[in-house]
Amino acid sequence: MPDRRAETLLRAMAAGSIGRREFARRALAIGVSATTIAGWLAACRPVGDGLAPAARAARDAAEALEPLGPIEHRLAIYNWSDYVAPDTIPNFAREFGVRVTYDVYESNEELLAKLLAGARGYDVVFPSSYALSVLVATGLAGSLHRAYLTNWGNVAPLFLNPGFDPGNAHSVPWQWGITGLAYRSDKVETPESWGVLQSRRYAGKMTQLDDGRDVIGSWLRYRGHSLNSRDQIELAAAKNDAISAKRNLRAYLSAPVKGQLISGDVWIAQLWNGDATQARVEQPAIQYAIPREGSTIWADNVVMPRSAPHPRAAHEFMNYILRPEVGAAISDFTGYGTPNAKALARMEHPVPYPTPDQLRRLEYQIDLGRETAEWDQLWTEIKSA
Ligand code: N2P
């Protein structure tokens, strides 16, 4: 259940005394996760900006028909760290005569906090599916003009029309990946199970992601449950497991753990597969395993905030990254999977889509609705234990 402050915010939104965006901004400020906010916004109709779905679809379609002006001379990008090839941006800047600024973040919460606080300067951002749901529900995601995305046909059908953005009205698929364990094969045996994090054997040399969904999800899978569980008993067990692993962990750390894996300060890290691949370039002993109990598969997206100051440049950028050779270079560098079928065919180190057998062990994180407040509470308790 939401705590008292969250309850007050929910009531205020339901009564109409604060808007959905203000609600999301304040909820994030008191520590409610993006997943939970997405769930609450979805549960509290009317959706989005107060418009009925049909009216919103009509507005989006009208917006999308309005032609954009000529390309602006600037583009402001806000992306996860280490999530683009080194030459992607300089090549775009040179070819299109655009000056690009590039800022980075480490989590969906960081991205949402910035946009919900009213930052208006960004032209393209890269939310995961549940963070995109928040941007759409709060009216912060701009509508895309498909007419300018002439390379749209390169997207593999599997990534089209996702449940979190019907018709891809607001998003272009960017990269997909998996959450598993990166490890130093010169220091430890292949970690076959999430249980390795609970063993004292490598105490102080292990990390988990700084991400409640991934941490609690790993411990749910460990006991054979769905990583989208809403079951009180399963969640309580996951919390206990997470806390018993915590005494062995050096930190909760996301992409920046790469440096510590390379230096040997960390031997086993819960990490996203592409970041592990990047680390392996510098330290060949770094390998990657999906624990036998299973894990997460996820997809991130390119989105233009509605307030983007340079919408034409944003569209040209999206169209540019959809080129086969550009998409291939991005995924060859990031180590992630490309949703671009034509790019996949050109990659030097393609990440194949998981086999049906692997897919049986992988789950997409779904929106947990109102129940995810419980998850936030658990994550707070784990972190402060
Ligand atoms: C960036 C990896 C981001 C993936 N280094 C998490 N969705």
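Worth saying up front: this structure is predicted, and the values here are computed from it rather than measured. Start at 1 and go down the list; that is how both ligands and their atoms are numbered.
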[X]: numbered ligand 1 atoms lying under 4.0 Å from its heavy atoms:
X	answer
Asp82	5 (N)
Asp300	4 (C), 6 (C), 7 (N)
Ser128	7 (N)
Ser81	1 (C), 5 (N)

Which residue and atom name correspond to the protein heavy atom nearest atom 4 (C) of ligand 1, and how close is it?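 Of every protein heavy atom, Trp298 CH2, 3.4 Å lies nearest to atom 4 (C) of ligand 1.
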For atom 2 (C) of ligand 1, what's the nearest protein heavy atom and its distance?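 Going atom by atom, the protein heavy atom closest to atom 2 (C) of ligand 1 ends up being Asp275 OD1, 3.3 Å.
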With a 4.0 Å cut-off on heavy atoms, is Tyr336 in contact with ligand 1?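 Tyr336: in contact with ligand 1 (<4.0 Å).
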Distance flag, aromatic centroids of Trp176 and Tyr353, threshold under 6.0 Å: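 Between Trp176 and Tyr353, which both carry aromatic rings, the centre distance is below 6.0 Å.
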May I ask you to check whether Tyr78 and Phe126 place their ring centers less than 6.0 Å from one another?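 Not under 6.0 Å, so no.
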Taking Lys258 first and then Glu282, would you say they form a salt bridge - that is, a charged N and a carboxylate O separated by under 4.0 Å?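 A salt bridge is absent here (no side-chain N lies under 4.0 Å from a carboxylate O).
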With a 4.0 Å cut-off, would you call Glu109 and Lys114 a salt bridge?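 Lys114 and Glu109: not salt-bridged.
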Side-chain H-bond candidate by donor/acceptor type, Gln198 with Asp241, under 3.5 Å: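 Yes, Asp241 and Gln198 have a side-chain donor paired with an acceptor closer than 3.5 Å.
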Determine whether Val84 and Val155 fall in the same hydrophobic cluster, where Ile, Leu, Val, Met, Phe, Trp and Tyr are linked whenever their side-chain heavy atoms lie under 4.5 Å apart.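 Looking at the clustering, Val155 is in the same group as Val84.
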